[in-house]
Amino acid sequence: MMIKFLKKYKYLLISLASVAVVLLVWYLLIDVMKMTKSSVFPGLEKTFRTFIAKLTQKKPDGATLGQHLLESLKVCLLGYSIGAVLGIPLGIAMAWNKWCDWLIRPVFDLIRPVPGLAWTPMFILIFGIGIEAKAMVIFVNSFVACIVNTYTGIRQTDELHLWVGDVFGASSWQKLTKIAIPTALPMIFTGLRTALGGSWMALVAAEMLAASKGLGFMIQQARYISRPDLVIVGMLMIGIVGLVLDIILQKIETMVAKGMNAQ
Amino acid sequence: MNKKQKNITELICAVVSILTFLILWHIGVKGELGRLMPGPLPVIRMFFATLFGGTIGSRTMIIHILYSLIRVMAGYFLGAAVGVVLGLSMGWSRLVEAVFSPLFRIIRPIPPIAWIPISIIWIGLGEDAKIFLIFLASFCYVTLNAWSGAKNVDPDYLRAARMLGAGKRQLLFTIVLPASIPSIFAGLQVALSSCWATVLAAEMVRSSEGLGWIIIAGMNNNDMVQIMTGILAIGLVGMLLSMIFRKVEARLCQWNKSGS
Amino acid sequence: MEIREKENRQVKVKVSHLTKKFGDLLVLNDISFDVEKGDLLCVVGPTGCGKTTFLNSLTKIYDVTSGEILLDGHPADPKKDHIAYIFQGNSTMPWLTVEQNVAFGLDIRHVPKREKQELTDRYLEIVGLTKYRRYYPKQLSASMLQRVSIARAFATEPELLLMDEPYGQLDIELRFKLEDELVRLWEMTGTTVIFITHNIEEAVYLGEHIMVLTNKPTTVKETMRNPLPRPRDIAAPEFVRLRERVTDLIRWW
């Protein structure tokens, strides 16, 4: 009975053991043996305490973990959704209409290779360090990723499907809405997910450069006052939120684009 | 329209499009906006003036570019090498997967940029810290793709090879590795652009040379021309990197149609 | 029967001097023929002889180089005429369920909801896919997919149905079954059908008329009436004789 259980869950147990060993080594080296100063590498216990405390405390950076999180989410989702709302239709237009493609793409190709966060200094000079500069950085990020993926998606439309539309006498608009856009949907979602990941990353960078609130600001502040425990809490928070956002989008995708990945 | 006419029309459109953009920019900054933004001419002038001759900070543009590029390359190749090995092993052996996948899953969602503060605390933000950050950026994407590539190898290939009497080692090198290559390349491509963004962020946070430094120093001196010159250089190098990547990929993955 | 005889004299499709070049390559060379209303015309020709090009020109997927295709006396236009096309290979939309796929043509033509539902239900039933209406194409076999395409085509109640080697990739048993299904639907609806195939037996089994094409550049070699009564027996001597006659024509390729 026991052996059967062990066999069945062998790999799960190994995984658990692996995480446990890492935590244990961390605990032993830092908390018990005090290998380094806690201002360099925090103990496991201390990090955990910091996390609990930060949920309610505003020290040392003026906001609780939840407030930082909300601020970051607000800016990120604002810039992201504007980018998606403008980027997806533009991507469709460029892929569907050759004049749009020929006239817009050259300029777009100029802007595309610049990583979104490289615009941060420029937007800060123009808009100051308020929400606008950061939202603009996120916007550019999301806008570009949405255009690129939507464009590729529409271009993947199967010629045969368009012929089917032609033979039934479909108008160009019908072919777009009933054939090309459904074809592109999975790619559009890939774009939305890439954009969200990129936006989240760009936001952290922007907040580290200029902000007075937000997770990026929090870890940067914690670094100034040598609080690695707080930095790690912030990093894990950033990671978890990024992951949750991605999972939410994935769920929406499986709901919307059913036939494309149903098995 | 035949093909030749089409190409010509497309070229004309491209020229018209870029010229319109530049002219609009040039005219746009004449008025109120001009106090915030320089026109295209000063930016292009500064770019060429500083490329080899004049300096930004204490170095010419080309040296700044080289600084950023060398950092990127060091971290990128290191991360790619480790990522391919770890990813393939995870896809190949359930044991390796069981040991490393939970740790990998914890680390992966944290954007490399979020490691900047902790790496400053740990190792300062010298060259090694920057390379560490870029390493992370490259490592995560490459590992993930090598892993899923190796896991999704068509079991029929493996069965066929086993029937022909291939050993474990042969299976790994003749089937799993080649079959994962398209996926690995996809990872390498995303990793490259992510590394490029990461080096800029790292240089923006702390450094005294490189393209990231150019734009952040421009911000600190209120020098918009310098920022935009930096952005221009960033875009050009980014474009060059992805062009080179596509050439290499096309050469190496000729058999794979999606590689085009 | 008598009504059908009378209808038969009406010309549904009139092709005159149809020529198609791709660049310098002459694919179709001055093809002229008529198809009567309610006919089931089987076009046989060697693989790669431009059969598909020929159908695609009919539906304006390709522009013709010269010549004319008239449907009921006016130039064919899929936007106005009710044409349906069953493609070689799978042409179902992977993002639509079986039911939505069958309704696709009706959607394009803005058929009112109730009527659309009725037609979809009826043709789903006829091709035996009612049980699978909520499935996605990925979950179906090749023959079921081809039945979805058939139902999709018939649901629009086309005046002209074009089929491009629709059963080429299916195994023999399914092919027989779907061939019978086609004959049944054709008899039921009285649609004009042009059926392209490289399989001579299939052509003799299905066609009211058989048209033999030559190799590239393609012209019409011969058109013949197929007088065999239905249901046809592929082992009957008359059937074999006709099949051999068509085969003989093709030997000259």
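Throughout, protein chains are lettered first and strands after them, A, B, ... in sequence-line order, and every chain is numbered starting at 1.
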In terms of heavy-atom proximity below 4.5 Å to chain A, should I215(B) be classed as side chain, backbone, both, or neither?
both
Count the heavy-atom pairs under 4.5 Å between each of I12(B), L103(B), I107(B) and chain A, then report the option with the highest count.
L103(B)
Evaluate the side-chain contact (heavy atoms from CB on, under 4.5 Å) criterion for residues C13(B) and W99(A): first the C-alpha distance (whole Å), next the side-chain angles of each, then the deciding distance (0.1 Å), finally the verdict.
CA-CA 8 Å; C13(B) 283; W99(A) 293 108; 3.6 Å; yes
Specify which of N220(B), I216(B), V190(B) makes the most heavy-atom pairs with chain A at under 4.5 Å.
I216(B)
Measuring from I116(B):CD1 to M235(A):CE, what's the distance to the nearest 0.5 Å?
10.5 Å
Just how far is it from atom CD1 of I126(A) to atom CE of M224(B), taken to the nearest 0.5 Å?
3.5 Å
Heavy-atom distances under 4.5 Å only: say whether N222(B) touches chain A with side chain, backbone, both or neither.
both
Please flag which part of M208(A) lies under 4.5 Å from any non-hydrogen atom of chain B: side chain, backbone, both or neither.
side chain
Side chains of Q220(A) and V205(B) in contact at under 4.5 Å (non-hydrogen atoms)
yes
Provide the closest heavy-atom pair for Y11(A) versus L95(B) in the form atom of the first, atom of the second, distance.
CE2-N, 3.6 Å
Exercise: identify the closest heavy-atom pair between D223(B) and L125(A):
N-CD1, 4.3 Å
Given heavy-atom pairs under 4.5 angstrom as the criterion, report whether the side chain, backbone, both or neither of L209(A) touches chain B.
side chain
Determine the minimum heavy-atom distance between R223(A) and P117(B), stating which atoms define it.
CG-O, 3.3 Å
Tabulate below the donor-acceptor pairs under 3.5 Å that side-chain atoms of residues 134-143 of chain B make, not counting sequence neighbours, or state none.
unit_1, atom_1, unit_2, atom_2, d
S138(B), OG, Y76(B), O, 2.9
S138(B), OG, A80(B), N, 3.1
T143(B), OG1, F139(B), O, 2.6

Under 3.5 Å donor-acceptor, S17(B) side chain and I104(A) backbone:
no
With heavy-atom distances below 4.5 Å as the criterion, would you say the side chains of L117(A) and M204(B) are in contact?
yes
Contact between K6(B) and W102(A) at the side-chain level, heavy atoms closer than 4.5 Å - yes or no?
yes
Could you give the distance from CH2 (W119(A)) to CD1 (I231(B)), rounded to the nearest 0.5 Å?
4.5 Å
CZ (F47(B)) with more than 12 external heavy atoms under 6.0 Å:
yes
At their closest point, which heavy atom of P115(A) faces which heavy atom of A197(B), and how far apart are they?
CB-CB, 3.7 Å
Is it the side chain or the backbone of V19(A) that comes within 4.5 Å of chain B heavy atoms, both, or neither?
both
Run M239(B) and D109(A) through side-chain contact (heavy atoms from CB on, under 4.5 Å) and show every step you take.
CA-CA 9 Å; M239(B) 200 180 333; D109(A) 278 343; 6.0 Å; no
For M37(B) and M122(A), what are the C-alpha separation, side-chain angles and deciding distance, and is it a side-chain contact (heavy atoms from CB on, under 4.5 Å)?
CA-CA 9 Å; M37(B) 291 260 292; M122(A) 186 175 133; 4.0 Å; yes
Between CD1 of I118(B) and CZ of F41(A), what distance do you get to the nearest 0.5 Å?
7.5 Å
Quick check on the interface: out of G242(A), A205(A), G116(A), A118(A), who has the most heavy-atom pairs with chain B under 4.5 Å?
A118(A)
Taking every non-hydrogen pair under 4.5 Å, which of T120(A), L13(A), I124(A) racks up the most with chain B?
I124(A)
Closest-packed option against chain A by number of heavy-atom pairs under 4.5 Å, given G238(B), A114(B), S101(B):
A114(B)
Reported CZ-to-CD1 distance for the pair F21(B) and I111(A), which is rounded to 0.5 angstrom:
5.0 Å
Among I219(A), I238(A), V204(A), which residue has the highest count of heavy-atom pairs closer than 4.5 Å to chain B?
I219(A)
Show your working on side-chain contact (heavy atoms from CB on, under 4.5 Å) between R227(A) and I121(B) and close with a plain yes or no.
CA-CA 9 Å; R227(A) 283 281 306 277; I121(B) 292 178; over 6 Å; no
Check S18(A) against P102(B) and note the closest heavy-atom contact, atom names and distance.
OG-CG, 4.3 Å
Euclidean distance, L110(A) CG relative to I18(B) CD1, rounded to 0.5 Å
4.5 Å
Interchain contact, L11(B) with chain A, by part (heavy-atom threshold 4.5 Å):
neither
Given heavy-atom pairs under 4.5 angstrom as the criterion, report whether the side chain, backbone, both or neither of I120(B) touches chain A.
side chain
Within the supplied structure, the quantity of interest is the number of heavy atoms (other residues, nucleotides, ligands) at a distance under 6.0 Å from F100(B) CZ; does it exceed 12?
no
